[in-house]
Amino acid sequence: MLIGGSKHTVDAKGRMFFPARFKDEMWENITVCRGVEKCLMLYTAEEWQRFAQHIKDQPFSVSSQLQRYFFSTAAVCSVDAQGRLLLPQQLREFAGIQKDVWVTGVQDRVEIWDIDEWNKAQAALTNDDVKSLMDRIGF
């Protein structure tokens, strides 16, 4: 399970040190795609296949739009020998990633956020919001 978060810096070439805590689960063949929020989502090959199949199994009127959204700009990347991950420019632009990022494990994926976007998203989610969401899913 992918958990925990940490701050990192993206260099001028779009490279960042990828957290070593993810090395056992996610280091090679990482699929990076646009998130449903202003972030990037990173999947292992196995999780990406599950994600893709779930979209494919939906009615065409839904799946075709989701396929274009997620797959048209997705890229397969790997961490290099120095522990760096190159984030494609198009995806960095989508997420507004300039320099400082927050990298967080979110159960079956990793998300990369521009640090300012991360802080805004976290400030917007109140404890009451979390309680309401937990109630909606039966906790």
Side-chain angles (χ1 to χ4, degrees):
M1 182 178 303
L2 300 162
I3 60 172
S6 52
K7 184 179 174 183
H8 296 270
T9 302
V10 176
D11 69 16
K13 295 181 181 179
R15 300 172 301 189
M16 58 165 280
F17 285 102
F18 198 63
R21 71 178 173 280
F22 299 138
K23 188 171 186 172
D24 290 342
E25 297 177 37
M26 180 181 284
W27 210 248
E28 295 180 352
N29 300 316
I30 302 166
T31 301
V32 183
C33 69
R34 292 187 278 187
V36 294
E37 297 173 272
K38 195 172 179 182
C39 68
L40 302 180
M41 298 190 307
L42 288 71
Y43 290 93
T44 63
E46 181 181 336
E47 287 297 333
W48 179 251
Q49 288 302 318
R50 279 190 208 137
F51 180 78
Q53 189 62 50
H54 190 67
I55 290 172
K56 187 177 181 181
D57 290 344
Q58 303 310 306
F60 184 76
S61 60
V62 173
S63 68
S64 62
Q65 294 174 39
L66 292 174
Q67 287 167 336
R68 280 190 297 276
Y69 180 83
F70 290 111
F71 304 119
S72 66
T73 59
V76 177
C77 305
S78 294
V79 177
D80 68 16
Q82 288 77 40
R84 299 172 303 188
L85 178 67
L86 174 63
L87 299 172
Q89 182 176 351
Q90 184 177 22
L91 291 171
R92 291 193 318 267
E93 290 172 0
F94 164 80
I97 292 172
Q98 299 292 318
K99 185 177 179 184
D100 293 326
V101 294
W102 187 259
V103 181
T104 187
V106 189
Q107 193 171 7
D108 64 346
R109 68 184 181 278
V110 169
E111 292 180 350
I112 300 177
W113 292 73
D114 172 79
I115 196 73
D116 292 334
E117 289 295 327
W118 171 258
N119 290 334
K120 281 189 237 176
Q122 293 307 296
L125 184 65
T126 68
N127 286 343
D128 287 338
D129 294 335
V130 173
K131 288 176 192 175
S132 177
L133 291 168
M134 296 294 284
D135 287 344
R136 282 179 38 195
I137 63 171
F139 270 86

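Values below: all heavy atoms of this structure, side chains included; hydrogens, waters and symmetry mates excluded.
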* Structure fact -> Rounding to 0.5 Å, atoms CZ (F17) and CG (D11) come to a distance of 8.5 Å
* Asked: Does one hydrophobic cluster hold both L42 and I55, with members joined at side-chain heavy-atom distances below 4.5 Å?
  -> yes
* To do: Would you sort out whether I97 and M16 count as a side chain to side chain contact (heavy atoms under 4.5 Å, CB included), showing the intermediate values?
  => CA-CA 11 Å; I97 292 172; M16 58 165 280; over 6 Å; no
* Joint cluster assignment, Y43 & F94, ILVMFWY side-chain distance < 4.5 Å -> yes
* To do: Measure the OG1-CZ distance between T44 and F22 for me, rounded to the nearest 0.5 Å.
  => 12.5 Å
* Asked: Are Q58 and H54 close enough that some pair of their side-chain heavy atoms sits under 4.5 Å apart?
  -> yes
With a 3.5 Å cut-off and sequence neighbours excluded, list the donor-acceptor pairs that the side chains of residues 101-108 form with protein atoms.
from, atom 1, to, atom 2, distance (Å)
T104, OG1, G4, O, 3.4

Do any side-chain atoms of residues 128-139 form donor-acceptor pairs under 3.5 angstrom with protein atoms, and if so which ones, sequence neighbours left out?
from, atom 1, to, atom 2, distance (Å)
D129, OD1, T126, OG1, 3.4
D129, OD2, T126, N, 3.0
D129, OD2, T126, OG1, 3.2

* Which atoms form the tightest heavy-atom contact between R68 and S72, and what is the distance? -> O-OG, 2.5 Å
* Asked: Can you name the ring-ring contact (aromatic ring centres under 6.0 Å, His included) partners of F71, sequence neighbours left out?
  -> W48
* Asked: Should Q49 and Q53 be marked as a side chain to side chain contact (heavy atoms under 4.5 Å, CB included) after you check the CA-CA gap, both sets of side-chain angles, and the distance that decides it?
  -> CA-CA 6 Å; Q49 288 302 318; Q53 189 62 50; over 6 Å; no
* Distance from Q67 atom CD to Q65 atom CD, nearest 0.5 Å? -> 10.5 Å
* Asked: Where do G14 and R92 come nearest, in terms of heavy atoms and distance?
  -> CA-NH1, 3.3 Å
N/O donor-acceptor pairs under 3.5 Å from side chains in residues 27-41, not counting sequence neighbours:
from, atom 1, to, atom 2, distance (Å)
R34, NE, Y69, O, 3.1
R34, NE, T73, OG1, 3.3
R34, NH2, Y69, O, 2.7

* Does W118 share a hydrophobic cluster with L91, counting links as ILVMFWY side-chain heavy atoms below 4.5 Å and allowing steps through other members? -> no
* K120: partners by side chain to side chain donor-acceptor pair (under 3.5 Å), with sequence neighbours left out -> E117
* Asked: Is it true that V79 and I112 fall in one hydrophobic cluster, defined by side-chain heavy atoms closer than 4.5 Å?
  -> yes
* Not counting sequence neighbours, list each pair that qualifies as a side-chain hydrogen bond (donor to acceptor under 3.5 Å, both in side chains) and has a residue in residues 82-91. => D80-R84, Q82-R84, Q89-E93
* **Residues L86, R15; criterion side chain to side chain contact (heavy atoms under 4.5 Å, CB included); working and verdict** => CA-CA 4 Å; L86 174 63; R15 300 172 301 189; 3.9 Å; yes
* Structure fact -> Taking every heavy atom of L2 against every heavy atom of M26, the minimum-distance pair comes out as CD1-CE, 3.9 Å
